[in-house]
S.K.: 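The following block contains the structure, expressed as structure tokens.
Whatever order the structure lists them in is the order used to number ligands and atoms, beginning at 1. Positions are given from 1, in the same order as the sequence printed here. Computed from a prediction, not measured in an experiment: that's the story for all the values here.
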Amino acid sequence: MKRHGPMWMTLMGAMIAAAPLAAQQKDVAKAEEAGVAHPDLWPEAQSPGLVDSETEAFITDLMDRMSVREKVGQMIQGDIGSIKPEDLREYPVGSILAGGSSPPLNAPDRSGPKPWLETSRAFNEVALEEREGHVPIPLMFGIDAVHGNSNIVGATLFPHNVGLGAMHDPALIRRIGKATAEETAAAGIDWAFGPTLAVPQDERWGRAYEGYSEDPDVVRSYAGQMVLGLQGEPGKGTIQNGRVAASAKHFLGDGGTKDGIDQGDADIPESELIRIHNAGYPAAIEAGVKTVMASFSSWQGVKMHGNKSLLTGVLKGRMGFDGFVVGDWNGHGQVEGCTKTNCPVTFNAGLDMAMAADSWKGLFDNTVAQVKSGRIPMARVDDAVRRILRVKAKLGLFNHARPYEGRFRLIGSPEHRAIAREAVRKSLVLLKNDGVLPVKSSADVLVAGPGADDISMQSGGWTLSWQGDGNTREDFPNAQSIYGGIAEAMKAGGGSATLSVDGSFTKKPDLAIVVFGEQPYAEMRGDVRTLEFQPGDKEALALLKKLKGQGIRTVSVFLSGRPLWVNPEINQSDAFVAAWLPGSEGGGVADVLIGTPDGAPRADFTGTLSFSWPKTAGQFTLNKGEPGYDPLFPLGYGLTYGEDGHLPHLGEVAGVDASLANSSLFFAKGKVPAPFAAAAEGVRQQPTDSQDVQEGAIALTWPAGAGGTYRITGPELDLSRETNADILLQMIYRVDTAPTGKVTLAMGDGSIDVTRLLDKSTGGWQTMRVPLKCLRNHGTDIEHVRSPFAITAQGPFAMSLSDLRLATDPAGAACPD
Ligand code: BGC
Ligand code: BGC
């Protein structure tokens, strides 16, 4: 924790220090050798099914004929967003990937399986060409098939791992792995970048939902089963029988970074790295996992992509891993002394294949030179190439028969969707039930909330797009929303379901089911600073209160990638269900929530928490077994219908300083939320109605002949990570009197001229989006922002402001100047 950081960081530091965690204890004795592992402390394991003399002889023969360029090529992977099939003639890279935002050839990013299969074939055709001085070797094509083959339109979307953890059902995990493999192989893809074996310890981490549990035992019990599902039995599963290679990730300690910061540093003792974060790896290796992905993160300040003691000494040595280690997205470039196009130390540390997404060309040239000069020993290259060719051979890639390719009926097939629906059913965790569940299917229910009929929200990140944003209903042909499932079940019981996102109705319903939660996010953008749900603008709470106020009982279905502090929302609900990120099968929710016409259960709750649920928004590292463990709901909690589900009124004090909770919302519902405040100089302020809220906006008037500024200030914010993640400042406004002089919008010291933009805005409410990058380019010191917003004008000019916040924009906004 930086001692001289901004106020909120200092406060957070104090809070963390107050929690007496083993995680905070530094291994003082080993300080001088930070980041160096001691293999003999680690568990031993073996990699079955990868090494056999026949395959090794086949590889030796191939390698005898390969040039240095061809060998180095095997060690490099390019992303299809920046490599074309014809590039392979000059740069014989051995693998390609489709990053979350990378489209297949000649088709949009959101495409069904056909363009993906054609892409795979187009690249392989060049790789397998008979050419002078070229040894034809099949490519290996990887994708983030992390909750089903989730980057492909029409695929079955299984619950994200946070939900699967709540099932405690390793056998079902294996069936999910197999179904995912079949949908991946059918689209011509050989390799799934999963399972994620992170053991998240601080749920502020935006990737917490990619982990099965905070509990190493749960992760251990799933790791091998997921690998067996994806890959088949060791030595047997091949692409010919619809299996793909798996990738256990991210090795190691991704779930243990300080403050839950993505790609951060796990500053923990080796014993903890072994006990908690390594839990799943021996099981994955014993199940024959073919690849392991190195983590972006560091251990004791040393980037994993450069950590020889862990990649070579522990993983390949002590734990006997015979497959290959792939890097993460340009992750090698973060190693000290490296750039993304130049990094001999990563290969020397034990990385076998670099994910040189857009840097493959430069990295290839530099690596070839470094092998020729001896900077990277030939023996290391031979070891890496042997491991890669071994995996390709054992996966069946040298056998060109591909019976699964083109079996598109497997993608989103009824059989696979039934498995996903079963998983949804089993992952639901009942946290409160004041006698409203199960819902009588003869009743009339209102289905409300932003998540009621939104497949994007129920699917989360790593769905069709990288962050899971920008998707529309049409992008999910094989999916059912939560409302869709409820409507079906109610109809079957003789009742009815009415969809009303904002909760309004004409005829008073018997009950309301309110579906709300987090909007989709993935790495980096999902990181938060406290565990408070909707800090600042409690929209869901307002909806629940509105319904309660009208005498309607409510069932909350909470969609989230992690447990969050929702005490106020729980208090306003008669029943509360954690549904995580269930994916394409919203029907699984109705299977459990909606009973028979008389209200007897059709299926009971069996899910229990695989992450502890916080009592305050400041319990960042709330993990079972820690001293002082005091959750609202402990690990393993989950009610069934037979139990009394009444809860007393819960405390509504978030327990964190508002300045920690809110760092992104500057104006909403007529107010400047804490910790921000507004000051006006030479500007008249008056409440006015916004589009939907009475007095939900503020009218600002600059009198004729004078200049003035309306400014919002607060504690210092470091927005550098938000800036890199393409976050923007979003303002909803209305021009009431067109500008007569210059109008500037500022953040800190940087300002842009928005006169023309405002001049063009007529009458109604408009949205302006200003990328933080744009403000940085105009002089904002993005690491030290004390005033996130100011507007300066010459009178006469008048505008109204109804909403101001940091937001993402899937379409990507340009600088408005
Ligand atoms: C993520 C990996 C992912 C890879 C490819 C990285 O940014 O950390 O989990 O597999 O991208 O998309
Ligand atoms: C890609 C992701 C990748 C990320 C890493 C994105 O553009 O689509 O797959 O994980 O970059 O920063």
Side-chain angles (χ1 to χ4, degrees), residues 76-83 95-104 109 116 140-152 160-162 180 184 189-200 205-212 226 230 244-257 260-264 266 280 284 289-298 303-305 324-335 340 346 351 353-360 460-469 521-527 561 721 724-726:
I76 289 182
Q77 181 185 52
D79 175 78
I80 57 169
S82 40
I83 191 166
S95 176
I96 51 170
L97 88 144
S101 322
S102 308
D109 183 24
W116 293 100
M140 194 163 154
F141 183 3
I143 201 160
D144 289 293
V146 295
H147 63 133
N149 191 9
S150 48
N151 202 27
I152 278 148
H160 268 296
N161 290 350
V162 62
T180 302
T184 306
I189 300 169
D190 316 302
W191 182 11
F193 294 140
T196 297
L197 301 181
V199 191
W205 186 36
R207 302 192 78 160
Y209 69 84
E210 297 186 55
Y212 297 118
M226 192 58 168
L230 287 165
V244 296
S247 195
K249 74 185 187 185
H250 308 82
F251 189 80
L252 189 64
D254 50 351
T257 61
I261 287 181
D262 193 41
Q263 307 192 2
V289 73
K290 291 188 168 79
T291 78
V292 170
M293 189 184 289
S295 183
F296 275 128
S297 57
S298 306
K303 281 282 170 188
M304 279 304 311
H305 280 63
F324 71 82
V325 180
V326 64
D328 203 343
W329 189 275
N330 289 327
H332 55 276
Q334 296 189 22
V335 176
K340 60 183 181 175
T346 193
L351 197 87
M353 181 189 283
M355 188 184 283
D358 56 356
S359 52
W360 49 272
W462 297 111
T463 303
L464 304 183
S465 64
W466 178 35
Q467 296 284 331
D469 51 2
Y521 56 78
E523 30 180 346
M524 297 182 286
R525 290 196 203 158
D527 289 4
R721 296 172 70 254
N724 292 335
D726 291 327

S.K.: Indicate yes or no: does an N/O atom of Lys249 lie under 3.5 Å from an N/O atom of ligand 1?
M.R.: yes

S.K.: Just jot down the side-chain hydrogen bond (donor to acceptor under 3.5 Å, both in side chains) partners of Trp191, sequence neighbours excluded, or say none.
M.R.: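 Residues passing side-chain hydrogen bond (donor to acceptor under 3.5 Å, both in side chains) with Trp191: Thr291.
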
S.K.: Under a 4.0 Å threshold between the charged nitrogen and the carboxylate oxygen, would Lys340 count as salt-bridged to Asp358?
M.R.: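 Result for this pair is yes, salt bridge flagged.
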
S.K.: In terms of atom number and element, which parts of ligand 1 are under 4.0 angstrom from non-hydrogen atoms of Asp328?
M.R.: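 Heavy-atom distances to Asp328 below 4.0 Å select 1 (C), 2 (C), 3 (C), 4 (C), 6 (C), 7 (O), 8 (O), 11 (O).
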
S.K.: Does Asp469 come within less than 4.0 Å of Arg525, counting only side-chain N to carboxylate O?
M.R.: yes

S.K.: Check contact between Glu210 and ligand 1, using heavy atoms of the residue and a distance below 4.0 angstrom.
M.R.: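 It does not; every heavy atom stays at 4.0 Å or beyond.
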
S.K.: Which of the atoms of ligand 1 are close to Arg207, meaning less than 4.0 Å from one of its heavy atoms?
M.R.: 1 (C), 2 (C), 8 (O), 9 (O)

S.K.: Return yes or no for this condition: an N or O of Trp462 is under 3.5 Å from an N or O of ligand 1.
M.R.: no

S.K.: Heavy atoms only, cut-off 4.0 Å: how does Thr196 contact ligand 1, side chain, backbone, both, or neither?
M.R.: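 Neither; nothing of Thr196 gets under 4.0 Å from ligand 1.
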
S.K.: Could you list which atoms of ligand 1 come closer than 4.0 Å to a heavy atom of Phe193?
M.R.: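 In order of numbering, the contacting atoms are 10 (O).
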
S.K.: Classify the ring geometry of Trp116 against Phe141: parallel below 30°, tilted from 30° to 60°, perpendicular beyond 60°.
M.R.: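 Tilted.
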
S.K.: Is any N or O atom of Trp329, backbone or side chain, closer than 3.5 Å to an N or O atom of ligand 1?
M.R.: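 It does not: no N or O of Trp329 is found under 3.5 Å from an N or O of ligand 1.
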
S.K.: At under 4.0 Å between heavy atoms, which part of Phe296 makes contact with ligand 1: side chain, backbone, both or neither?
M.R.: side chain

S.K.: With heavy atoms of Leu97 as the reference, note each atom of ligand 1 found under 4.0 Å away.
M.R.: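 By the 4.0 Å cutoff, the relevant atoms are 5 (C).
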
S.K.: Under the 3.5 angstrom rule, does the side chain of Asn161 hit a backbone N or O of Glu210 as a donor-acceptor pair?
M.R.: yes

S.K.: Which ligand 1 atoms, with their elements, are less than 4.0 angstrom from a heavy-atom of His250?
M.R.: 2 (C), 8 (O), 9 (O)

S.K.: When His250 is tested against each of Gln263, Met304, Arg207 for side chain to side chain contact (heavy atoms under 4.5 Å, CB included), which residue passes?
M.R.: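 Testing His250 for a side chain to side chain contact (heavy atoms under 4.5 Å, CB included) against Gln263, Met304, Arg207 leaves exactly one candidate, Arg207.
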
S.K.: Is the distance between the ring centroids of His305 and His332 under 6.0 Å?
M.R.: no

S.K.: Can Ser359 and Asn330 be counted as having a side-chain donor-acceptor contact under 3.5 angstrom?
M.R.: yes

